[in-house]
Amino acid sequence: MESGMVSVDRWCAGSQVYFLTHLHADHIRGLTPKWTRGPLYCSRITAKLFPIKFPGFDLSLIRIVEIGHWHSVSLLSPSSGSSTILYFMAIDAHHCPGAVMYLFRGEFGCTLYTGDFRWESTSERAQTGRTMLLKAMQDVKLDMLYLDNTYCNPTYCFPSREVAARQVLSIITSHPNHDIVIAVDTLGKENLLLYISRVLKTKIWVWPERLQIMHLLGFHDIFTTKTSVTRIRAVPRYSFNIETLEGLNTMCPTIGIMPSGLPWASKSFRGKEKLSSESPPLLLDNRWHTDIATSSTSSKPNGGSLSSGRYDHYIYTIPYSDHSCFSELQKFVEFLKPTNIKGIVSSSASNVDPLYHFGSLCRIQQASELLCQRLKSKRYEKVGVIGMKSPFGCTSTMQLGRKRRKRQNFSASIHVSRVRLLRRERQGVKIVDTDPD
DNA sequence: GCGATCAGCT
DNA sequence: CACAGCTGATCGC
């Protein structure tokens, strides 16, 4: 296969088929309602939600990929004109509704693109995925793994969502007379809300657009837009801050719950925190990455007694994450034993290269060599292209989207040149050669 | 004027 | 630090 035939979460011109893993904003950047570049493959749930994100989108371009089934598409080599068949399967990514990983097989070999995913290896859901992957790859090795390396660092350690959900519930039940606001995005963390609703036998308020999404997802009697019927509200994360909580507390005692895998999520509130010596601190410390992760439920305010002190009086951060933690990534890689790995999130301060941590788990002998090459060339990279030897001796490439991450600290001149390079990339770099990466 | 893209922020 | 995603500025047709 030549370059530009297949794109995943990447929406530049030049591919014959386009794959979407899920509908979060950083994976659909570049996709517009006027899309005409080619067929777009996605899961059934994503297809159902699609018109909300892209009203007026030509739905005849959407191809639904059923989870757990092999699909195929014939692709044309732009230079030789010969055709080749791409086989692909979607596997539940356990991230947000509709999120899938894609397993590709073709003359280029076997590639798995996880997109954003959570691999709670002990859960029943992950067992299904494990079985599916085992069955789909029983006779082949995985040549390339594109991995959600959001938390690909041993410092990222957090419990399963089941455990985190119990922590959230415990906080709510320990504040029986408080209003509760929970920060959520436009998609994701539905299971947390469903769990709260089920156990507490209460409806949960959501904003009108979110209610529409809940209805499309099939949740009809659980959510409401009437504030009078419940003390629990799920609110947009961007509306969730110290000022909002302080404002709410002038009217009614209210606590906020921030479900996030980011260990520093609570710190972002510190800048605006107004210290009060009278009321006790309510925020959970963020040491869950060391102790709470291993305890069943620990939701007592300040239960872990962080030495650096208190955070906000109203906001609890809970390690409820839709991305895999480091140990889960490790298990995933051990399970798949890929020949090579590449992160789908480009470099940032604490997200290091998957090859650095998992290179020894790969089957390639030259892991360190590859890493050296990568470190030299990755700074300005946005677009990933896989190049693999096929069983037939030709080289193939596939264009893949990369998440954009905030830039690091650079000197002014380096920063400027990097901005320029990044800008050029965002305007669409066409990959012609096989990437040595 | 409008949609697409980007910077900045949380 | 930045999960995902908003707002407002700017670009380009």
Side-chain angles (χ1 to χ4, degrees), chain A residues 9 11-13 21-35 37 52-57 93-97 99 115-118 148-153 155-156 158 161 164 182-190 192 207 209-210 213 234-245 256-273 286 289 308 311-312 315 317-326 343-352 382 401 403-410 415-416 418-428:
Chain A
D9 290 349
W11 311 104
C12 304
T21 59
H22 65 290
L23 278 171
H24 277 158
D26 51 340
H27 292 255
I28 54 180
R29 203 158 280 143
L31 194 54
T32 72
K34 293 173 183 168
W35 177 260
R37 283 176 179 156
I52 292 191
K53 292 274 180 185
F54 301 102
F57 194 96
H94 303 146
H95 177 64
C96 68
D116 290 351
F117 84 120
R118 178 103 200 231
D148 172 12
N149 57 324
T150 302
Y151 296 127
C152 188
N153 185 299
T155 59
Y156 294 121
F158 40 76
R161 283 172 290 194
I182 304 170
V184 296
D185 291 314
T186 54
L187 199 58
K189 304 198 165 71
E190 287 75 11
L192 171 63
W207 64 103
E209 293 79 9
R210 196 61 156 97
I213 289 171
V235 303
R237 198 176 53 185
Y238 60 84
S239 74
F240 188 97
N241 56 43
I242 298 287
E243 283 75 24
T244 316
L245 265 293
I257 293 172
M258 171 69 86
S260 170
L262 288 179
W264 49 80
S266 58
K267 293 180 186 171
S268 65
F269 295 103
R270 270 204 220 158
K272 292 173 184 172
E273 182 188 8
N286 67 355
H289 56 277
S308 64
Y311 296 106
D312 180 64
I315 297 176
T317 55
I318 296 297
Y320 188 101
S321 171
D322 283 330
H323 293 269
S324 300
C325 66
F326 182 77
I344 63 171
V345 179
S346 50
S347 68
S348 74
S350 50
N351 292 291
V352 298
K382 180 195 175 193
K403 284 191 163 189
R404 188 163 51 108
R405 276 287 165 85
K406 202 168 179 179
R407 293 177 290 272
Q408 314 299 301
N409 297 326
F410 287 98
H415 178 81
V416 168
R418 185 151 183 236
V419 166
R420 203 171 294 141
L421 278 160
L422 282 165
R423 274 205 184 143
R424 201 181 304 155
E425 282 176 346
R426 283 182 209 138
Q427 286 157 8

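Side chains are part of it too, since the values below use all heavy atoms of this structure and drop only hydrogens, waters and symmetry mates. Below, read A as the first sequence line, B as the second, and so on, with proteins coming before strands; counting in each chain starts at 1.
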>> Quick check: do Met258(A) and Arg237(A) have side-chain heavy atoms less than 4.5 Å from each other?
In response: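 Side-chain contact under 4.5 Å: yes.
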
> Do any N or O atoms from the side chain of Asn149(A) and from the backbone of Ile344(A) form a donor-acceptor pair under 3.5 angstrom?
Replying inline: yes

>> Please report the distance, rounded to the nearest Å, between CG in Asp148(A) and P in dA2(C).
In response: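 Result: 14 Å.
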
Would you tabulate the nitrogen or oxygen pairs shorter than 3.5 Å linking the protein to nucleotides 5-9 of chain C?
unit_1	atom_1	unit_2	atom_2	d
dG5(C)	OP1	Thr186(A)	N	3.4
dG5(C)	OP1	Thr186(A)	OG1	2.4
dG5(C)	OP2	Ala25(A)	N	2.6

What pairs of nitrogen or oxygen atoms, one from the protein and one from nucleotides 10-13 of chain C, lie under 3.5 Å apart?
none

>> Please determine whether a side-chain nitrogen or oxygen atom of His323(A) lies at a distance below 4.0 Å from atom OP1 or OP2 of dA2(C).
In response: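 For His323(A), the contact criterion (side-chain N or O under 4.0 Å from OP1 or OP2 of dA2(C)) is not met.
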
> OP1, OP2 of dA4(C) versus side-chain N and O of His27(A): anything below 4.0 Å?
Replying inline: no

>> Among residues at least two apart in sequence or on other chains, which ones pass side chain to side chain contact (heavy atoms under 4.5 Å, CB included) with Thr244(A)?
In response: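 Checked Thr244(A) against side chain to side chain contact (heavy atoms under 4.5 Å, CB included); matches are Asn241(A), Leu248(A).
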
> Considering residues at least two apart in sequence or located in another chain, which fulfil the side chain to side chain contact (heavy atoms under 4.5 Å, CB included) criterion with Pro33(A)?
Replying inline: Phe54(A)

>> I'd like to check the side chain to side chain donor-acceptor pair (under 3.5 Å) partners of Ser324(A); sequence neighbours left out, ordered by chain and number.
In response: none

>> Would the base of dC3(C) count as contacting Thr150(A) through its side chain, where contact means a donor and an acceptor less than 3.5 Å apart?
In response: no

> NA contact type, Ser239(A), heavy-atom cut-off 4.0 Å: base, sugar-phosphate, or nothing?
Replying inline: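 Result for Ser239(A) = nothing.
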
>> Does His27(A) form a side-chain hydrogen bond (donor to acceptor under 3.5 Å, both in side chains) with Asp116(A)? I'd like the steps, not just the answer.
In response: CA-CA 9 Å; His27(A) 292 255; Asp116(A) 290 351; 3.1 Å; yes

> Does Arg210(A) have any salt bridge (Lys or Arg N to Asp or Glu O under 4.0 Å) partners at least two apart in sequence or in another chain, and if so, which?
Replying inline: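 Result, salt bridge (Lys or Arg N to Asp or Glu O under 4.0 Å) vs Arg210(A): Glu190(A).
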
> Would you call Arg118(A) and Asp148(A) a salt bridge, using N to O less than 4.0 angstrom?
Replying inline: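 Salt bridge absent between Arg118(A) and Asp148(A).
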
